[in-house]
Asks: 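Quick one: the structure is below, questions incoming.
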Amino acid sequence: GAPSALRAGADGTVATPTTSPAGTSSTSAPAAPAVSSGATASARPFRGTHQAGILEAPPAHATFVALDLEEGADADTVRRLLTVWTDDIERLTAGRGTLTDLEPELAAVTAALTVTVGVGRRVVEAAGAPVPDWLGPLPAFAVDRLDPRWGGGDLLLQICATSPTTVAHAQRRLLTGVAGLARPRWVQRGFREPHEGPGVPMRNLFGQVDGTVQPDVAGLDADLLWVGDAGPAWLRGGSSVVVRRIEMDLDGWDRADRRARENSIGRRLDTGAPVTGGALDDAPDLAAVDDLGFHVVDDAAHVRRAHASAPHERFLRRPYSYDDPPAAGATSSSGLVFVAYQADPVRQFVPVQARLAELDLLNLWTTPVGSAVFAVLPGAADGEVLGAAMLG
Ligand code: HEM
């Protein structure tokens with residue numbers, strides 16, 4: 001099962017205690033603004049061995065922004081950009097405006113804000129550091145209908161908070177802070193919340209309990225998440241993230257009856273428990289057969305096909321739902337911003353995605369339309385700039 005921290009409530013219940021916006025001003029610090037329901041004034045520490053925004057329970061709101069370096073960018077460009085972001089992120093996550101902030105009042109509501117920075121191949125090359133083999137586009141999968149509009153990028157910002165205003169403000173300051181160095185390529189917004197309360201992962205827009213089976217990345221399975229000795233020295237303590245935009249055909253899903261829906265996953269819709277019985281946290285009995293000798297968990301059910309066939313085929317799923325304004329005449333434009341963290345995406349993620357592309361009942365209603373892979377920088381120690389080891 002997942003560590004409880006990853007399953008805690010959308011209100012960021014694992015956060016450190018409320019932090020007042022110290023540092024906004026030592027003389028006339030305004031009282032912290034009233035926090036709307038669902039948002040806590042908690043602050044998440046920015047500095048540490050690993051970046052924040054990975055192990056924490058995902059808060060309700062997230063924006064993913066991919067950026068491209070400007071033409072002719074070199075190591076100096078990367079150094080300036082990461083210096084600006086390090087300072088901006090440290091301030092924003094502590095409830096202070098950035099140096100150029102015109103609305104520091106918006107920064108006072110920390111709302112468990114985390115900002116996680118990823119880099120693509122071009123950034124690593126510009127910095128003159130060794131590029132991990134896996135840092136590039138994933139192989140093409142038969143189910144893919146990729147739209148370049150949602151793919152690639154030289155840099156990634158994953159901005160998460162319990163308040164959408166906090167996310168929007170951080171996004172704007174982080175983008176304006178690096179104007180002239182990098183420009184936005186795509187932006188994906190998502191939301192999630194546990195409907196049944198702490199301990200239950202989110203429900204996606206198909207109504208499924210999603211995120212039940214996770215490796216214990218905060219404990220025994222930490223090696224699955226963080227880059228170790230096998231990776232380049234500059235990335236130790238970092239990770240990788242796969243961001244795939246997956247459309248979900250809600251109209252098609254409406255036409256499937258409950259039995260077909262539960263069969264497609266291998267878990268019940270009401271409780272999220274396996275169709276072979278037990279509770280949410282129980283593993284499905286993949287060997288169970290019915291009176292006729294057929295597997296109770298369908299041979300093409302998502303949990304059978306996605307289940308790790310070797311211990312290394314596991315990763316941390318941290319997805320968000322999206323529900324964008326539909327095109328004229330359509331009822332919805334919805335899906336998942338599917339986000340997976342792992343030490344090595346080619347070794348851990350690709351075999352699972354390849355198996356799902358080959359056979360998975362969910363493919364009847366889901367279509368990957370975007371894909372990107374980034375190296376997630378290690379955390380910044382006190383006084384250090386993000387990516388310091390990469391920049392040498
Ligand atoms: C399990 C939904 C895409 C990997 C599940 C479960 C649901 C679900 C409801 C069962 C509960 C749980 O353990 O979380 C979806 C939907 C998707 C999607 C709606 C697309 C829109 C993917 C993709 C991958 C993936 C692209 C990886 C390539 C997994 C894994 C499990 C899982 C590893 C746990 C399997 C196990 O029981 O060991 N998914 N999923 N899913 N999914 Fe997905």
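Counting starts at 1 for both ligands and their atoms, in listed order.
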Asks: On the ring face of Tyr322, is Arg189 found with NZ or CZ under 6.0 Å from the centre and within 45° of the axis?
Replies: no
Asks: Does ligand 1 have a heavy atom under 4.0 Å from the side chain of Gln214, from its backbone, from both, or from neither?
Replies: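 Within the 4.0 Å criterion, Gln214 makes no contact with ligand 1.
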Asks: Determine, for Glu313 against Arg355, whether the closest basic-nitrogen to carboxylate-oxygen distance falls under 4.0 angstrom.
Replies: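 A salt bridge is present here (some side-chain N lies under 4.0 Å from a carboxylate O).
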Asks: Any salt bridge linking Arg305 with Glu358? Criterion: basic side-chain nitrogen under 4.0 Å from a carboxylate oxygen.
Replies: yes
Asks: Please state whether Phe349 comes within less than 4.0 angstrom of ligand 1, counting heavy atoms only.
Replies: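 For ligand 1, residue contact (heavy atoms, under 4.0 Å) with Phe349 is present.
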Asks: Quick test of your reading of the model: are Arg255 and Asp251 salt-bridged, counting only N-O distances below 4.0 Å?
Replies: no
Asks: Under 3.5 Å, N or O to N or O, is Gln208 touching ligand 1 that way?
Replies: no
Asks: Got the closest protein heavy atom to atom 42 (N) of ligand 1, with its distance?
Replies: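 Answer, as residue, atom name and distance: His302 NE2, 2.9 Å.
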Asks: Give the atom numbers and elements of ligand 1 that come within less than 4.0 Å of a heavy atom of Met248.
Replies: 21 (C)
Asks: Relative to the heavy atoms of Gly211, which atoms of ligand 1 are at a distance of less than 4.0 Å?
Replies: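 Those qualifying, in numeric order: 12 (C), 14 (O).
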Asks: Salt-bridge test for Glu196 and Arg203: reply yes if a basic N is under 4.0 Å from a carboxylate O, no otherwise.
Replies: yes
Asks: Are any of the N/O atoms in Ala308 less than 3.5 Å from those in ligand 1?
Replies: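 In fact, backbone or side chain, Ala308 has no N or O that close.
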Asks: Indicate yes or no: does an N/O atom of Thr366 lie under 3.5 Å from an N/O atom of ligand 1?
Replies: no
Asks: Before you tell me yes or no, could you show the steps for Arg173 and Asp101 under salt bridge (Lys or Arg N to Asp or Glu O under 4.0 Å), namely the whole-Å CA-CA distance, both residues' side-chain angles and the distance that decides it to 0.1 Å?
Replies: CA-CA 7 Å; Arg173 291 281 69 105; Asp101 212 325; 3.6 Å; yes
Asks: Hey, which of Leu82, Thr83, Leu386 is the one that makes side chain to side chain contact (heavy atoms under 4.5 Å, CB included) with Leu391?
Replies: Leu82
Asks: Measure from the side-chain N and O atoms of Trp234 to the backbone N and O of Ala129, and report whether any donor-acceptor pair falls under 3.5 Å.
Replies: no
Asks: Would you kindly specify which portion of Ile246 sits under 4.0 Å from ligand 1, judged on non-hydrogen atoms: side chain, backbone, both or neither?
Replies: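 Only the side chain of Ile246 comes within reach of ligand 1.
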Asks: Counting heavy atoms only, which of Gln348, Glu313, His307, Arg317 comes nearest to atom 38 (O) of ligand 1?
Replies: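 Nearest heavy atom to atom 38 (O) of ligand 1 lies in His307.
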Asks: Can Trp365 and Trp253 be said to form a ring-ring contact (aromatic ring centres under 6.0 Å, His included), step by step?
Replies: CA-CA 7 Å; Trp365 304 282; Trp253 185 250; 4.9 Å; yes
Asks: Which residue and non-hydrogen atom of the protein lie closest to atom 13 (O) of ligand 1, and at what distance in Å?
Replies: Val213 N, 3.0 Å
Asks: State plainly whether the residues Arg79 and Asp74 are in salt-bridge range, i.e. N to O under 4.0 Å.
Replies: no
Asks: Of all the non-hydrogen atoms in the protein, which one sits nearest to atom 7 (C) of ligand 1, and at what distance?
Replies: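 That would be Ile265 CD1, 3.7 Å.
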Asks: Looking at Asp257 and Arg259, does any basic side-chain N land under 4.0 Å from a carboxylate oxygen?
Replies: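 Answer for the salt bridge query: no.
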Asks: Look only at interatomic distance and state if Gln353 has a nitrogen or oxygen under 3.5 Å from any nitrogen or oxygen of ligand 1.
Replies: no
Asks: For ligand 1, which atoms, with element, lie under 4.0 Å from some heavy atom of Leu356?
Replies: 23 (C), 24 (C), 25 (C), 27 (C), 28 (C)
Asks: Below a 4.0 angstrom heavy-atom separation, can you tell me which part of Asp210, side chain or backbone, both or neither, approaches ligand 1?
Replies: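 Looking at Asp210 and ligand 1, atoms from backbone and side chain both fall under 4.0 Å.
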Asks: Check this for me, if you would: do Glu262 and Arg267 make a salt bridge, where the nitrogen-to-carboxylate-oxygen distance has to be below 4.0 angstrom?
Replies: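 Not counted as a salt bridge, because no side-chain N and carboxylate O are separated by less than 4.0 Å.
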Asks: At under 4.0 Å between heavy atoms, which part of Thr212 makes contact with ligand 1: side chain, backbone, both or neither?
Replies: both
Asks: Give the residue, atom name and distance (to 0.1 Å) of the protein heavy atom nearest atom 33 (C) of ligand 1.
Replies: Ala306 O, 3.5 Å
Asks: Among protein heavy atoms, which sits nearest to atom 10 (C) of ligand 1, and what does the distance come to when rounded to 0.1 Å?
Replies: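 For atom 10 (C) of ligand 1, the nearest protein heavy atom comes out as Arg267 CD, 3.7 Å.
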Asks: Counting non-hydrogen protein atoms only, what is the nearest one to atom 22 (C) of ligand 1? Give residue, atom name and distance.
Replies: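 Looking only at protein heavy atoms, the one closest to atom 22 (C) of ligand 1 is Phe338 CE1, 3.4 Å.
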Asks: Does NZ or CZ of Arg192 fall inside the cone over Tyr320's six-membered ring, less than 6.0 Å from its centre and within 45° of the axis?
Replies: yes
Asks: Note the single closest protein heavy atom to atom 16 (C) of ligand 1, along with its residue, its atom name and the distance in Å.
Replies: Leu362 CD1, 3.5 Å
Asks: Applying a 4.0 Å heavy-atom criterion (strictly less than), which segment of Arg244 is in contact with ligand 1: side chain, backbone, both, or neither?
Replies: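 It is neither part, as no heavy atom is under 4.0 Å.
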Asks: Within a distance under 4.0 Å of any heavy atom of Val209, pick out the atoms of ligand 1 and give their elements.
Replies: 9 (C), 11 (C)
